[in-house]
Amino acid sequence: MRFDLIDLKLFVHIAESGSITAGAKLAHLSLPSASARIQGMEEGLNLALLERGRRGAEPTEAGRALLHHARAIARQLDDMRADLGRFGAGLKRQVRLLCNTSAMTEFLPEALAGFLASHPQLGIDLEERLSRDIVQAVTDGAADIGIVTDAVDSAALQTLPFRDDPLVLVMARKHPLAQRVGKRRGMLFADALDQDFIGLAGDSALQRYAAEQASRLGRAMHCKIRLRSFEAVCRMVASGAGVAIMPETAARRGDCVEDLRVVALNDDWADRKLLICMRDHAALPVHVRELVAALRRG
């Protein structure tokens, strides 16, 4: 085996993007050069590392083993750069943090602000994902830490408490559904699925999560419009255009909270707690452990 760092980085890019073409672009290589490197790796091992198809390329079982080691080498290189960063200007440490919608919008801005100000040589690669995808990414070594809901199976990882994050149903006080609910403090999600919903734009993890719960009931959510922030959703809901599902913290801090009726969802999946997950806390670099501690303090 005569792999160099370019080979390993290329293979990680291909595995994570699902495409040799996309992986080559991320590795700043031409497609013929990338293909030749992968072929050379496979010939050196006498093993197929990728399954190629019309939809792209996925690692074989041998490829997944290589991917695990390639990511470990990448982490070691990052640690080396971090250690050497003390001796030279401009070298920064990077943490890859994945989180769900609530953590991204409601909790992390304040939790990260002070930490980043006191750690000028640290950068955070922050990305929103579904909790189950975050667990898989952390397990595979594609992320240092993640923030997930306790509804997903994270038994293979170490977890620490982060925040309580119940989901609620929000509607205008004069909305017909509010009249049906009356003075009740809670209701089932199924009883709201005949309503028009106001949702979040883009590939929102929360929106996909709610849609999955509707699908499990054999129903579908009808999203009348998608907006880019919880604040915008609250304003639209307050106008009576529809109802929305959102974290309770977001529902109770908006400018139009007096015009809204916030109703608890009695479904088990809505009573969420957020967890910080990692493969091995003791094995994390010092700066990542410091970040975990800062997140828990808030």
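Counting begins at 1 with the first residue of the sequence.
Here salt bridge (Lys or Arg N to Asp or Glu O under 4.0 Å) pairs that include residues 204-221, with residues two or more places apart or in two chains, are Arg132-Glu212, Asp203-Arg208. A ring-ring contact (aromatic ring centres under 6.0 Å, His included) check over residues 15-38, counting only residues at least two apart or in different chains, returns nothing. Contacts classified as salt bridge (Lys or Arg N to Asp or Glu O under 4.0 Å) and involving residues 180-192 (residues at least two apart or in different chains) are given here: Arg180-Asp194. Sorted by first then second residue, the ring-ring contact (aromatic ring centres under 6.0 Å, His included) pairs that include residues 39-71, not counting sequence neighbours, number zero.
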Exercise answer: donor-acceptor pairs, residues 229-237 side-chain atoms, under 3.5 Å, sequence neighbours excluded:
residue: Ser229; atom: OG; partner: Ala232; partner atom: N; Å: 3.1
residue: Glu231; atom: OE2; partner: Arg253; partner atom: NH1; Å: 2.6
residue: Glu231; atom: OE2; partner: Arg253; partner atom: NH2; Å: 3.4

Please set out all donor-acceptor pairs under 3.5 angstrom arising from side-chain atoms of residues 45-58, sequence neighbours excluded.
residue: Arg52; atom: NH1; partner: Glu42; partner atom: OE2; Å: 3.4
residue: Arg52; atom: NH1; partner: Leu50; partner atom: O; Å: 3.3
residue: Arg52; atom: NH2; partner: Glu42; partner atom: OE1; Å: 3.2

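Taking Arg71 as the reference, Glu16 meet the side-chain hydrogen bond (donor to acceptor under 3.5 Å, both in side chains) condition, with sequence neighbours excluded. Taking the side-chain hydrogen bond (donor to acceptor under 3.5 Å, both in side chains) definition, one finds that Asp164 meets it with Lys273, sequence neighbours left out. Under the side-chain hydrogen bond (donor to acceptor under 3.5 Å, both in side chains) criterion, Glu258 pairs with no residue at all, not counting sequence neighbours. For Glu128, the side chain to side chain contact (heavy atoms under 4.5 Å, CB included) partners two or more places apart in sequence, or in a different chain, are Thr101, Met104, Ser204, Ala205. Every residue meeting the side-chain hydrogen bond (donor to acceptor under 3.5 Å, both in side chains) condition with Gln136, not counting sequence neighbours, appears here in chain and number order: Asp140. By the side chain to side chain contact (heavy atoms under 4.5 Å, CB included) test, Ala211 is found to be paired with no residue, residues two or more places apart in sequence or in another chain being considered.
Tracing side-chain contacts under 4.5 Å through hydrophobic residues (I, L, V, M, F, W, Y), one reaches Phe107 starting from Val95; they form part of the same cluster. Cluster annotation: Leu284 is connected to Phe115 through the hydrophobic network of ILVMFWY side chains, with a link wherever side-chain heavy atoms come within less than 4.5 Å. Taking hydrophobic clusters as Ile, Leu, Val, Met, Phe, Trp and Tyr residues chained together by side-chain heavy-atom distances below 4.5 Å, Leu98 does not share a cluster with Ile147. Each of Val152 and Leu274 belongs to its own hydrophobic cluster when Ile, Leu, Val, Met, Phe, Trp and Tyr are linked at side-chain heavy-atom distances under 4.5 angstrom.
Across Leu130 and Tyr209, no two heavy atoms sit closer than the pair CD2-N, 4.1 Å. Across every non-hydrogen atom of Gly146 and Ile134, the tightest pair is CA-CG2, 3.6 Å. Ile20 approaches Leu31 most closely through the heavy-atom pair CG2-CD1, 3.7 Å. Residues Cys99 and Leu126 share a closest heavy-atom pair of SG-CD1, 3.8 Å.
For Glu106 and Arg163, the salt-bridge test fails: no basic side-chain N is under 4.0 Å from an acidic carboxylate O. Salt bridge Asp7/Arg37: present, at least one basic N to carboxylate O contact under 4.0 Å.
Listed for the Asp267 side chain is a donor-acceptor partner under 3.5 Å among the backbone atoms of Phe189. For the pair Ser154 (side chain) and Leu157 (backbone), a donor-acceptor distance under 3.5 Å is absent.
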Q: List the steps and the verdict of salt bridge (charged side-chain N to carboxylate O under 4.0 Å, His left out) for Asp125 and Arg96.
A: CA-CA 5 Å; Asp125 181 6; Arg96 182 148 169 72; 3.1 Å; yes

